[in-house]
Amino acid sequence: MATFLYRLGRAAFGRRRYVVLLWLAVLAAIGFAAVSAPAAPDDSSSMPGTESQRAFDLMDERFPGAEADGAGAQIVFVAPDGRKVTAPGYRQAIDDAVASIGTDAQVAGAPSPFDAQTVSKDGSTAYTSVTYKVAAADLSDAGRQQLQDAMDRAEDAGLTVEARGTAVSGSIGAGGVGEAAGVVVAALVLLITFGSLAAAGVPLLTAVLGVGVTLASIMALGSALGLSSSTGSLANMLGLAVGIDYAVFVVARYREERAKGHDAQEAAGLAVGTAGSAVVFAGLTVVIALAGLCVAGVPSLTSMGLAAAGGVLVAVLIALTLVPALLGFWPNAVLARRERRGRRKAGPAGRLGAAWARFVLRRPLAILILSVVGLGVLAVPALDLQLGMPGDEAKATSTTERRAYDDLADAFGPGFNGPLTLVVDASHAADPKGAVGEISGRIAATEGVVSVSPAGFNQAGDTAILSVTPSTSPTSEQTKKLVGTIREDRPETESGTDATFEVTGSTAANIDMAQKMSDALLPYLVVVVGLAVLLLTVVFRSVLVPVKAAAGFLLSVLASLGAVVAVFQWGWAAELLGVRQTGPIMSMMPIFLVGIVFGLAMDYEVFLVSRIREAYVHGERSGQAIVSGFRHSSRVVVAAALIMTSVFAGFVTADESMIKTIGFGLAIAVLFDAVVVRMALVPAVLALLGDRAWWLPRPLARLLPRVDIEGEALTRRSAVPPAGTDDRAPAGV
């Protein structure tokens with residue numbers, strides 16, 4: 001592989017204009033396809049195999065006229081303090097507003113609160129539930145404006161009017177200003193690390209182009225492959241981070257080869273042949289981790305993982321082709337000023353890395369124990385991990401959704417915002433209405449249930465929908481226990497009725513999602529870690545190094561989960577990060593964190609340990625090989641980690657709690673893994689193992705293919721040219 005990549009790097013350098021034009025043509029072609037493609041579908045909340053999904057499917061079958069995926073909104077009207085919405089002036093204003101909303105052609109229904117009896121007992125609050133014939137993405141701007149105008153007129157009458165629901169919710173924001181600030185920090189880190197504007201600009205330029213290709217591809221294929229509009233969020237976040245990192249690895253190795261005396265084209269070939277090999281296998285581990293998200297069996301999670309994996313593959317291809325091509329345009333500009341002036345001695349960063357490695361070699365056991373204990377303490381809060389899905393209660397109080405949520409909770413009780421939906425199948429009952437009434441009465445008698453709505457039957461009269469209001473909020477443990485109790489008591493509740501029921505609704509669906517994610521986490525870990533350990537065994541031709549890599553990853557990911565729980569669930573330092581409401585951690589967060597961080601952690605593992613093994617294979621003793629590996633790679637690994645951390649931290653400024661949580665979790669996990677695990681734990685373990693770190697049973701050695709990630713085949717090619725060789729840019733550059 002090293003030889004093939006060496007030739008690829010030289011070819012890309014020599015034919016740089018064609019390579020750049022090819023990538024620009026690819027971006028233009030995919031961009032044109034994205035503009036011409038049909039709109040991407042809405043996010044799919046399908047969760048095959050769960051009770052809530054079976055209930056949704058039954059509703060679609062038995063209520064064919066209903067639009068299960070149609071948009072909806074709850075408009076909340078609150079009278080001034082001490083007054084009631086039933087007062088003539090306020091009542092008229094509410095009726096006029098609701099009637100105006102109902103005239104929209106896309107509205108399926110907007111009942112008056114006074115007809116639907118949706119007025120609080122104290123008369124201070126009323127609401128109407130607006131249903132639409134189309135999905136939220138298909139709502140017209142005129143319809144949204146008509147809704148807002150109706151609300152404004154009611155406010156002019158003296159009422160406080162708020163709204164929530166898919167018809168009024170904004171799209172998920174990314175990092176906004178924070179994301180841009182993260183990129184700026186990444187640029188500063190690159191500039192400080194390389195001491196060259198060109199060297200800092202190449203990774204940023206190639207990463208942006210890679211993200212553009214990935215996002216355009218998602219838009220172009222969205223309709224055909226069922227990729228939703230939010231699929232690109234993860235691809236954007238990861239593509240930007242790994243795109244910068246992979247380019248940094250290649251540029252850093254190019255500068256190192258130039259410092260050894262190689263001409264520009266030869267250095268580009270050697271950089272792609274060595275660092276490029278590490279990039280290929282690091283990228284494969286990330287792809288394995290992301291593709292493995294399909295183990296969870298959640299379509300939306302699978303599509304996000306596969307799209308992000310595609311983005312990583314694009315980043316790998318760009319690092320192997322476009323980066324050496326751009327180096328051909330600026331062969332000397334990417335070098336540090338001291339190198340351009342002919343001073344090629346190792347810089348302070350290389351000496352610091354070597355000094356740190358010697359420090360660890362003198363006391364490996366103490367550093368190993370300190371690293372493990374420190375990460376273990378940080379992981380303790382993870383024992384209290386509670387999964388759920390954040391709703392309007394997690395949004396800022398400046399949003400109308402959050403204020404509507406609070407108004408409804410104050411007027412109708414905390415459980416009103418998370419009703420349970422019971423779908424009763426009475427098709428085999430002799431008296432369907434009587435059977436449904438019997439089940440309704442038994443459910444109403446369950447502890448923790450405030451009320452059960454009148455049954456709504458389908459046209460055939462054999463299926464009914466009941467709305468059950470709990471006494472507790474949607475994300476509370478009591479509500480989760482209530483759903484479990486209703487399901488566990490199902491045989492007793494159904495007995496003698498010849499009818500069956502399923503529990504669904506957003507609250508029950510979130511509970512099912514959390515359980516599904518919990519059940520999928522262990523199989524996912526086994527699949528992903530197992531495949532990655534196998535891949536690293538092939539790369540390093542060692543049994544213990546891959547096991548050590550996996551163990552270090554588990555420590556860093558558990559510590560980061562502990563930090564997430566401490567901040568977003570317990571509320572430690574929550575205000576500093578702009579967390580407005582603590583509560584359960586998003587259900588998909590742990591499996592997201594495990595998959596993404598595992599892939600990214602293997603980036604650093606491959607790049608760092610491959611340099612150590614390269615020195616070992618070329619004849620250095622075990623301890624000296626560790627020092628050599630750190631001299632050449634520690635600065636780049638730390639810089640890459642700081643870049644990733646800054647990019648991910650930029651998403652912490654997002655208003656959407658889901659993006660904020662993911663951004664924080666990824667940022668802190670990368671920091672833990674790169675600084676503690678790769679910089680401290682890895683050299684400590686390798687020092688304790690010595691030559692045994694590279695032990696491989698002979699039968700396995702014969703069985704495994706040789707991939708030559710250390711570039712051993714390039715040893716003869718990389719001989720330093722004689723003194724006086726012209727090292728300037730090739731003719732024509």
*Evaluate salt bridge (charged side-chain N to carboxylate O under 4.0 Å, His left out) for Arg402 paired with Asp407, printing each intermediate quantity in order.*
CA-CA 9 Å; Arg402 171 62 185 275; Asp407 290 339; over 6 Å; no

*Could you walk me through whether Arg153 and Ser100 pass side chain to side chain donor-acceptor pair (under 3.5 Å), step by step?*
CA-CA 10 Å; Arg153 285 194 294 271; Ser100 175; 2.8 Å; yes

*Check step by step if side-chain contact (heavy atoms from CB on, under 4.5 Å) holds for Val85 and Thr125.*
CA-CA 6 Å; Val85 293; Thr125 307; 5.7 Å; no

*Evaluation steps, side-chain contact (heavy atoms from CB on, under 4.5 Å), between Tyr405 and Arg164*: CA-CA 7 Å; Tyr405 179 97; Arg164 62 190 294 247; 3.8 Å; yes

*Begin from the C-alpha positions of Tyr127 and Phe412 and carry the test ring pair (Phe, Tyr, Trp, His ring centres under 6.0 Å) through to its verdict.*
CA-CA 11 Å; Tyr127 73 91; Phe412 298 95; 5.4 Å; yes

*Carefully, step by step, assess Phe664 and Phe568 under the rule ring pair (Phe, Tyr, Trp, His ring centres under 6.0 Å).*
CA-CA 10 Å; Phe664 174 81; Phe568 292 89; 5.5 Å; yes

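Heavy atoms only, all atoms of each residue included: Ala110 and Ile101 are closest at CB-CG2, 4.3 Å. Residues Val436 and Ala455 come closest through the heavy atom pair CG1-CB, 3.7 Å. What you find for Ala307 and Thr214 is that their closest heavy atoms are O-CG2, 4.2 Å. The shortest non-hydrogen separation linking Pro111 to Ser129 is CD-O, 3.5 Å. For the residue pair Ala34 and Met219, the shortest heavy atom distance occurs at CB-CB, 3.7 Å. Taking each heavy atom of Val450 and Pro470 in turn, the nearest pair found is CG2-O, 3.5 Å.
Counting only heavy atoms from C-beta outward, the side chains of Asp104 and Tyr132 approach each other to under 4.5 Å. Side chains of Thr86 and Phe114 form a contact here, defined as non-hydrogen atoms less than 4.5 Å apart. Annotation: side chain of Thr463 is in contact with side chain of Val423 (closest heavy-atom distance under 4.5 Å). The shortest distance between side-chain heavy atoms of Met59 and Ile465 falls below 4.5 Å. Ser467 has its side chain out of reach of Val452: every pair of non-hydrogen atoms, C-beta onward, lies at least 4.5 Å apart. Between Met589 and Val564, the closest side-chain pair of non-hydrogen atoms falls below 4.5 Å. With a 4.5 Å cut-off on side-chain heavy atoms, Gln106 and Ser140 count as touching. Side-chain contact between Met586 and Thr661: absent, with no pair of heavy atoms (C-beta onward) separated by less than 4.5 Å.
Atom-to-atom distance recorded for Lys481:NZ and Ile511:CD1 is 12.0 Å, nearest 0.5 angstrom. Of the inter-residue distances, the one linking Leu159 atom CG with Phe77 atom CZ reads 7.5 Å to the nearest 0.5 angstrom. Note that CD of Glu162 is 7.0 Å distant from OG1 of Thr160, once rounded to the nearest 0.5 Å. In this structure, Met644 CE and Leu240 CG are separated by 10.0 Å, a value rounded to the nearest 0.5 Å. Rounding to the nearest 0.5 Å gives a distance of 13.0 Å between CG of Leu58 and CZ of Phe501. Atom OG of Ser451 sits about 9.0 Å away from atom CZ of Phe416, to the nearest 0.5 Å.
Other residues, nucleotides and ligands place no more than 12 heavy atoms under 6.0 Å from the CZ atom of Arg83. Taking a 6.0 Å sphere around CG of Asp156, one finds it holds more than 12 heavy atoms contributed by other residues, nucleotides or ligands.
Checking Thr421 against Glu502 by side-chain atom types alone, no donor-acceptor pair falls below 3.5 Å. Gln145 and Asp141 share no donor-acceptor pair across their side chains, judged by distance under 3.5 Å alone.
Applying side-chain contact (heavy atoms from CB on, under 4.5 Å) to Ile443 and the options Leu420, Ile486, Val503 leaves one that passes, Ile486. Here the options are Val98, Val130, Ile94, the test is side-chain contact (heavy atoms from CB on, under 4.5 Å), and the partner is Ile75; only Val130 passes.
Between the side chain of Gln74 and the main chain of Thr128, no donor-acceptor pair closer than 3.5 Å is present. Not a single donor-acceptor pair under 3.5 Å links the side chain of Thr446 to the backbone N or O of Val449. At least one donor-acceptor pair under 3.5 Å links the side chain of Lys516 to the backbone N or O of Pro48. Formation of a donor-acceptor pair under 3.5 Å by the Thr400 side chain with backbone atoms of Ala163 is found in this model. In terms of modelled atom types and a separation under 3.5 Å, the side chain of Gln459 and the main chain of Arg62 share no donor-acceptor contact. In this structure, the side chain of Thr131 does not engage the main chain of Gly72 through any donor-acceptor pair within 3.5 Å. With Thr118 contributing its side chain and Ala126 its backbone, the two residues share no donor-acceptor pair below 3.5 Å. In this structure, the side chain of Thr479 does not engage the main chain of Thr475 through any donor-acceptor pair within 3.5 Å. A distance-only check finds no donor-acceptor pair linking the side chain of Asn510 to the backbone of Ala514 [under 3.5 Å]. In this structure, the side chain of Ser476 engages the main chain of Ser473 through a donor-acceptor pair within 3.5 Å.
In this view, Phe457 satisfies the ring pair (Phe, Tyr, Trp, His ring centres under 6.0 Å) rule with no residue, not counting sequence neighbours.
Ion pairing between Arg144 and Asp149 fails under the 4.0 Å rule for side-chain N and carboxylate O.
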